[in-house]
Protein chains: 2
Amino acid sequence: MGLTIYDIAREAGVSASTVSRVLNSRPGIKKSTRERVERILKESNFSVSEAARGLVNQTSKMIGILVSDIRNQHHIEGAYMIEQHFMRKGYCSLILNAGDTDESKAEYIRILSSRRVNAAVLIGSSFQNEPVRQAIIDYMPDTPIIFQNGEFSLPNVSSVVSDEVVGIYDAAKYLYEQGRRNIAYINNNDTPSNRKKILGYEKASRELCFPRILYVCSDSAESGAEITEKLITEHPEVDAIIYAVDLIAVGGSRKLLDLGKRIPEDIAVIGTDNSPFSMISNPRLSTVDTKLQELSTSCSEILEKAIENPSYTEHVIISPSLVLRETT
Amino acid sequence: MGLTIYDIAREAGVSASTVSRVLNSRPGIKKSTRERVERILKESNFSVSEAARGLVNQTSKMIGILVSDIRNQHHIEGAYMIEQHFMRKGYCSLILNAGDTDESKAEYIRILSSRRVNAAVLIGSSFQNEPVRQAIIDYMPDTPIIFQNGEFSLPNVSSVVSDEVVGIYDAAKYLYEQGRRNIAYINNNDTPSNRKKILGYEKASRELCFPRILYVCSDSAESGAEITEKLITEHPEVDAIIYAVDLIAVGGSRKLLDLGKRIPEDIAVIGTDNSPFSMISNPRLSTVDTKLQELSTSCSEILEKAIENPSYTEHVIISPSLVLRETT
DNA sequence: AAATTTTTTGCAATCGATTTCAAAATTATC
DNA sequence: GATAATTTTGAAATCGATTGCAAAAAATTT
């Protein structure tokens, strides 16, 4: 390995400039020369150094994708779509686990800055905090950035969000229309996105006049089971539960069944996100579809425009929809 | 942005060399100079160009991770652990979807070569094909590579595999010992890894003298449900099913329940991989734990040694174990 | 205070590409 | 067949870092 265009040039009896022009399909090279260089390029398994190329071209041809935890199905799905979209355009994706704390997330903005990514995507509302905001201002004030499920009012930051308020509101309204009168809501960690979900629940409670029964749960099926048991013990009257996350809903449903409740006869259940396993869970979970696919597609499109024209930004809100399966 | 060390140097009234030395904590810089440069570095939010640095240092400080589909929980889990391990050492991970075809996978080897990654990880046995092998020989003959769940006999390629033969064999043997006599096996796509699973099933069938009932299924819960229905119709005597993949087993179990079968009373079910959802599925799935965690840890460790000493390779086989839950 | 040693610093080359500009080679025109 | 127009090519600068070597500055020794 370690071949450079100078090695190729020597072998072909031309200058490095000529090799470079062949590599980049530039015009003005005699056909016979081009073919000879191409042959040698192929024969010697030459591969250009993207680092050197990036240095002179002032571009890394990389997209930075920050996720708080790539093991999260929902997040990785978004990263996947963006990766696929940009790989077709010749970009590689730096998919990074930005970690739990605000500081580690800000640190990752710095890492992306050092790598000179052409654009960055922040997936998940957990990036919506001051250290990240400051890091963007300090280290990436001109790089196109897009927030998937979050927002910053900054000149280079676009956003695509799902309307969480409406999602939970619609779920509660549907349950109410089906005759449920004691609709509980189990929220997840305190993030901007989850706060909006509470708003939706409260709005429905206010408008439809049903009592608020609100619990908070951490991000696992086990925790969902635990909190659900507590909920049912303290509020035996509950006849419907909305969960902020599908995984938690699956854990909760399982516990309800174990406690001898029938789903949906005794208690209806609705999750959030329309995760892949919500469809294979037993019973199949009804859920608020936050339209991940559309979110990601929109994300890629906006980012592409922003890369071409760095002053371009766009802010999109996508309406969720209810997917009714066996738990309602 | 776009500040260079020359800008910093001018500001601090020193040369670029001095700035570089401060950046890399090199000795032999007067304390007062170091502090002044550091202050200016911080004040101006300088971030080094890793591309330029990589060019002179002949290293990209990147690890390439190739996965056929990052949305696959099982694969991404492996990528996650490697990413975490190397991020702590200052490396970024290029996690790429290498796609379905052999050619696209080989193409990604070329991409990693252009990016001059310090090492590469190929996750999943689907990389075990001739075009990839040739691409490694042509484009990355000296870069440390490790295969997670696959193998190439090449001087720069290490491997970590789970012993698939033993995994399925043990599952079948366990079922037999529990009194099951008509143990079917449902395999997935024809890959080296899945062929080994068949070997394990056949070995058990031969040694324990039970009839072979083998079906093949594609990689989804729906397909699992479909094939399972076919199996039960054609072989009503079956009293246990082993599946090559947890997801397929979940789809299959669900169908068995729908058909009025009791699990495990009428039919026992065992999946493979101990995927996250095997624990939350209903009923909770018994499964062959292929020890993903250990596999990945081992992977990172070997790769780290190989980066330090490029001639280092290692081949590890990890024994799977049975995780018994509610379907057996 | 001069000579010597040690500590700090800067110059210039280097990494592997791309690109501008001018020179060389080729083709067209008279 | 000489001149002009056009096509190909190469030399050298550039991108933003790092580093070996020599010069300058500071600290020690005499």
Side-chain angles (χ1 to χ4, degrees), chain A residues 1-38 40-41 44-62 90 92 110-111 113-118 139, chain B residues 1-38 40-41 44-62 90 92 110-111 113-118 139:
Chain A
M1 290 300 293
L3 282 182
T4 73
I5 57 169
Y6 289 93
D7 299 319
I8 303 295
R10 190 170 347 96
E11 182 83 12
V14 296
S15 74
S17 335
T18 302
V19 177
S20 171
R21 283 190 267 256
V22 171
L23 277 172
N24 296 284
S25 317
R26 294 268 179 286
I29 295 283
K30 207 201 293 179
K31 193 159 175 239
S32 62
T33 313
R34 160 159 284 139
E35 283 168 355
R36 180 159 37 96
V37 172
E38 274 170 349
I40 293 174
L41 241 19
S44 51
N45 300 317
F46 177 81
S47 89
V48 259
S49 161
E50 290 294 342
R53 186 179 259 183
L55 188 57
V56 39
N57 288 344
Q58 299 283 45
T59 170
S60 62
K61 282 278 175 181
M62 294 199 288
C92 273
R110 257 168 271 145
I111 292 175
S113 155
S114 263
R115 297 280 172 180
R116 302 287 192 267
V117 293
N118 293 103
Y139 293 95
Chain B
M1 294 299 292
L3 282 183
T4 72
I5 56 169
Y6 290 92
D7 299 320
I8 303 294
R10 191 172 343 99
E11 182 83 10
V14 296
S15 74
S17 337
T18 301
V19 177
S20 171
R21 286 185 190 112
V22 171
L23 277 172
N24 295 283
S25 316
R26 293 267 180 288
I29 295 283
K30 210 201 292 181
K31 196 162 174 236
S32 62
T33 312
R34 159 159 285 138
E35 281 168 353
R36 179 159 37 97
V37 172
E38 274 170 349
I40 293 174
L41 242 20
S44 51
N45 300 318
F46 176 81
S47 88
V48 259
S49 162
E50 290 293 341
R53 186 177 258 184
L55 189 55
V56 37
N57 289 342
Q58 299 283 46
T59 170
S60 61
K61 282 277 173 181
M62 295 199 288
C92 274
R110 257 168 270 144
I111 292 175
S113 155
S114 263
R115 298 281 172 178
R116 301 287 192 268
V117 292
N118 293 103
Y139 293 95

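Worth saying up front: this structure is predicted, and the values here are computed from it rather than measured. Sequence lines set the chain letters: A, B, ... in the order given, protein chains first and strands last, and positions in each chain run from 1. The basis for the numbers below is simple: all heavy atoms, side chains too, and nothing from hydrogens, waters or symmetry mates.
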Considering only heavy atoms, which members of residues 21-37 of chain A lie under 4.0 Å from some atom of DNA chain C? A:Arg21, A:Asn24, A:Arg26

Are A:Val14 and A:Arg21 side-chain neighbours, meaning at least one heavy-atom pair lies under 4.5 Å? no

Is the shortest heavy-atom distance from the side chain of A:Arg116 to the side chain of B:Ser49 under 4.5 Å? yes

Given B:Ile8, which partner from the list B:Val22, B:Leu41, B:Leu23, B:Thr18 fulfils the side-chain contact (heavy atoms from CB on, under 4.5 Å) test? B:Leu41

How long is the straight-line distance from CE of B:Met62 back to CE of A:Met62, given to the nearest 0.5 Å? 5.0 Å

Treating A:Arg36 as the side-chain partner and A:Ala12 as the backbone partner, does any N or O pair qualify as donor plus acceptor under 3.5 Å? yes

Within the 4.5 Å heavy-atom criterion, are A:Tyr6 and A:Val19 side-chain neighbours or not? no

Answer with base, sugar-phosphate or nothing: what part of the nucleic acid does A:Ser49 contact at a heavy-atom distance below 4.0 Å? sugar-phosphate

Evaluate the side-chain proximity of A:Phe46 to A:Ile40: yes if any heavy-atom separation is below 4.5 Å, no if none is. no

Which is true for A:Ser17 with a 4.0 Å heavy-atom rule: it touches a base, it touches only sugar-phosphate, or it touches nothing? base

Please determine whether a side-chain nitrogen or oxygen atom of B:Thr18 lies at a distance below 4.0 Å from atom OP1 or OP2 of C:dG10. yes

Starting at atom CD1 of A:Ile5, determine the distance to atom P of C:dT18, rounded to an integer number of angstrom. 6 Å

Between B:Leu3 and B:Glu11, is there a side-chain heavy-atom distance shorter than 4.5 Å? no

Using a 4.0 Å heavy-atom cut-off, does A:Val19 contact any base of the nucleic acid, only the sugar-phosphate backbone, or nothing at all? nothing

In this structure, how many angstroms lie between the P atom of C:dA17 and the OH atom of A:Tyr6, rounded? 9 Å

With side chains defined as the heavy atoms from C-beta onward, is the minimum distance between B:Arg115 and A:Cys92 less than 4.5 Å? yes

If you walk 5' to 3' along DNA chain D, what is the first nucleotide with an atom under 4.0 Å of a heavy atom in chain A, and what is the last? D:dT8 to D:dG16

Of A:Val14 and B:Arg53, whose closest DNA chain D nucleotide lies nearer the 5' terminus? A:Val14

Counting any heavy atom closer than 4.0 Å, what does A:Glu50 reach on the DNA or RNA strands: base, sugar-phosphate only, or nothing? nothing

